[in-house]
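In what follows, every chain begins at residue 1, and chains take the letters A, B, ... in the order their sequences are listed. As the structure is a computational prediction, the values presented were derived from the model and not from experiment. The figures here come from the full heavy-atom set of this structure, side chains too, leaving out hydrogens, waters and symmetry mates.
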Number of protein chains: 2
Amino acid sequence: MRRRFFKDVHPVAQFAPVSAVSRAFTEGAYLDAEKKRRILTAADQLGYRPNALAASLQGAGSNLVAIFVGEMPNHYDKEVAAALVNGLNAAGKWPIVIGGAGDTAKSAIQNVLRYPLEAMILRSGSLDADVVSSCLKLGIPVISSGRIVEGPAVDNICVRNREAMAMMTEHLINQGRRKFAYLSGPDTFWSTHERYLGFEETVKEHRLEPCSKLYGDYSVMGRFNAIQLHPDLANMDALVCANDAMALGALMYLKSKSISVPGEIAVTGFDDISMAEWPNVELTTLRNPIEALVKGTIDLLMARAADP
Amino acid sequence: MRRRFFKDVHPVAQFAPVSAVSRAFTEGAYLDAEKKRRILTAADQLGYRPNALAASLQGAGSNLVAIFVGEMPNHYDKEVAAALVNGLNAAGKWPIVIGGAGDTAKSAIQNVLRYPLEAMILRSGSLDADVVSSCLKLGIPVISSGRIVEGPAVDNICVRNREAMAMMTEHLINQGRRKFAYLSGPDTFWSTHERYLGFEETVKEHRLEPCSKLYGDYSVMGRFNAIQLHPDLANMDALVCANDAMALGALMYLKSKSISVPGEIAVTGFDDISMAEWPNVELTTLRNPIEALVKGTIDLLMARAADP
DNA sequence: TTGAAAGCGTTACCAA
DNA sequence: TTGGTAACGCTTTCAA
């Protein structure tokens, strides 16, 4: 079959050779100014723009990035995801977002890896080993945001969960609190363990009596909050929660029992989600700075792009 | 320059011709079972998978979809966006997410249109005319989710805002409420107008006195809620809000003033975000069903894919 | 400064 | 069944 020349089909190349069209869209390429203007005008009318995929096949960067956001059980995760999308957009990177968990997410990730990605950003920990090894084989850099993931070619950006929680606990002790309870997240979340360690070591340092530890699920309503299960609320003057969502749930429960906060019991969270700023919400929280996290993630991405 | 044959470079084609490799990855293609197994094994070890971009260049569907989510000022928007991402993933479509507003978003959209998209899903109304005309030229179907957008080749899926709000108002009147105030969203949101109309026509039908209309911004805390500006809370027994977020804000304000809800004033919202189910939140709300919205959006997408 | 053509990684077609 | 190759839309030599 005779090779059809681009001239026959290329929408703009009716007016000029393909190479000229390409040059018209390439900053700083040699091309007669008048000719360039003509091409750009025609392109504009036709709604033509160079196909980014064909360009990437040719060697240009794809500017595509995948983000695995997981299930996003609480508002903090959603806020981070939204901020990440905006940050990437501003940097000229286009995020393909993958959600969910389990086998569905697993196969989704494998499918998305068929696109020429410049990076894989991990916001969820459920599939680490799998994803990391796949990306390694493909030479796609992995950026773990909000958790530490071991592995070659994995960049990490993460808040100091342990130190922060230690500071928070210290602060409560300085305020005179002595009888602690801890509301933990599920063990499947990486941050859970770190945060508890920070709390535990501080309590031990001050030789306070061992406290009770409860488990929530990082959401506000999960099990309408583990706090309900607590044996005796009377024997407690501070409730340290592993994130804001659960702290909010606890707060609502205590309020329904007419227990004064922070009078009788201090409640603390972690993340500083927007709800923590609402009036009537007597919550002390640690700022888990989204802006910094997003900026760090994108800096890492750009660094990898410049020097793989 | 001599044409380099794929054999020289294709990672798997060292073991078999490129066409065989392609067949190994194509369901139902003619290929010796044993040979297929060998190829797949080699591919697995090398981490090789067919490049989706090159495939789409060849004629296969790109499976890429863009979602313009806008600013997502409230939780409902974020919940919808998350559900949409999950739904698309489950359908084997990969969403490129664009956020923000104004010129940044505008140029982001134009850039993303350089990829071969199967559809553009609009969740934000800020850039309609622009996006629709660009997509039309490119032959990319536009799906407007949650709003009605006029235009050729635009599919719409949307809840009946007006009818729903009318029902809600009717319900309040049946309960004996007579003195209404309305807390509206910003005029830049399409749903704002529709919802107000439903409310207004019902109030007029029942010949109730004209009510006061206040403006919020669809967020919980915006201006710590327009309700504060209301001249006299005493002269009101029902506050109809255009969405849950603002209703929640109003609720908190009334609580801080020790006004009983729903005793003295009934407060209603719209959306049924998860927070509306929290205990202590005395909110009557209309379910804006996310599942149905997502399913409808994806059905529309699939229908377009099958028959453009 | 320009046009022609090679080559990117696929899939589809055609002849064997 | 198979292998070879045209074609997809683009950018980048290369030669003029």
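Atom-to-atom, CZ of B/Arg49 to P of C/dT11 comes out at 14 Å; the value is rounded to the nearest Å. Residue B/Ile39 contributes atom CD1, which lies 13 Å from atom C1' of D/dT1 at whole-angstrom precision. Regarding B/Leu57, its CG atom lies at a distance of 12 Å from the P atom of D/dT11, rounded to whole Å. Following rounding to the nearest Å, B/Arg114 (CZ) and D/dC10 (P) show an atom-to-atom distance of 9 Å. In this structure, B/Asp32 places its CG atom 10 Å from P of D/dG3, rounding to the nearest Å. With rounding to whole Å, B/Tyr115 atom OH is found 18 Å from D/dG9 atom P. If you measure from atom CG of A/Leu53 to atom P of C/dT11, you get 14 Å, rounded to the nearest angstrom.
Side-chain atoms of A/Asn243 and A/Asp271 form no donor-acceptor pair, as typed in the model, at a separation below 3.5 Å. Between the side chains of B/Ser56 and B/Tyr115, not a single donor N or O lies within less than 3.5 Å of an accepting N or O.
Counting non-hydrogen atoms under 4.0 angstrom, A/Leu31 reaches the backbone sugars and phosphates but no base. A/Lys36 comes within contact range of no nucleotide atom at all, as no heavy-atom separation falls under 4.0 Å.
One cannot find a donor-acceptor pair under 3.5 Å joining the base of C/dT10 and the side-chain atoms of B/Gln58. Remark: the A/Arg23 side chain and the C/dG3 base include a donor-acceptor N/O pair separated by less than 3.5 Å.
Residue A/Tyr48 places at least one side-chain N or O under 4.0 Å from the OP1 or OP2 atom of D/dC10. Close to C/dT1, at under 4.0 Å from its OP1 or OP2, lies no side-chain N or O of A/Lys35.
Applying the salt bridge (charged side-chain N to carboxylate O under 4.0 Å, His left out) definition to pairs two or more places apart or across chains, those involving residues 107-120 of chain B are B/Lys93-B/Glu118.
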When the side chains of residues 120-130 of chain A are checked against the rest of the protein, which donor-acceptor pairs come out under 3.5 Å, sequence neighbours left out?
residue	atom	partner	partner atom	Å
A/Arg123	NH1	A/Ser145	O	3.0
A/Arg123	NH1	A/Ser145	OG	3.4
A/Arg123	NH2	A/Asp77	OD1	3.4
A/Ser124	OG	A/Ser126	N	3.4
A/Ser124	OG	A/Ser126	OG	3.4
A/Asp128	OD1	A/Arg147	NH2	3.4
A/Asp128	OD2	A/Arg147	NH1	2.9

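For A/Pro17, the side-chain atoms get nearest to C/dG3 when compared with the rest of D/dT1, C/dG3, D/dT11. Here the nucleotide nearest the side chain of B/Asn51, chosen from D/dC10, D/dG3, C/dT10, is C/dT10.
Between A/Gly59 and B/Ser22, the residue anchored closer to the 5' end of DNA chain C is A/Gly59, taking for each the nucleotide with the nearest heavy atom. Positionally, the nearest nucleotide of DNA chain D for B/Ala54 lies more toward the 5' end than for the other of A/Ser19 and B/Ala54.
Checked for salt-bridge contact, B/Asp299 and B/Lys295 meet the test: a charged N lies under 4.0 Å from a carboxylate O.
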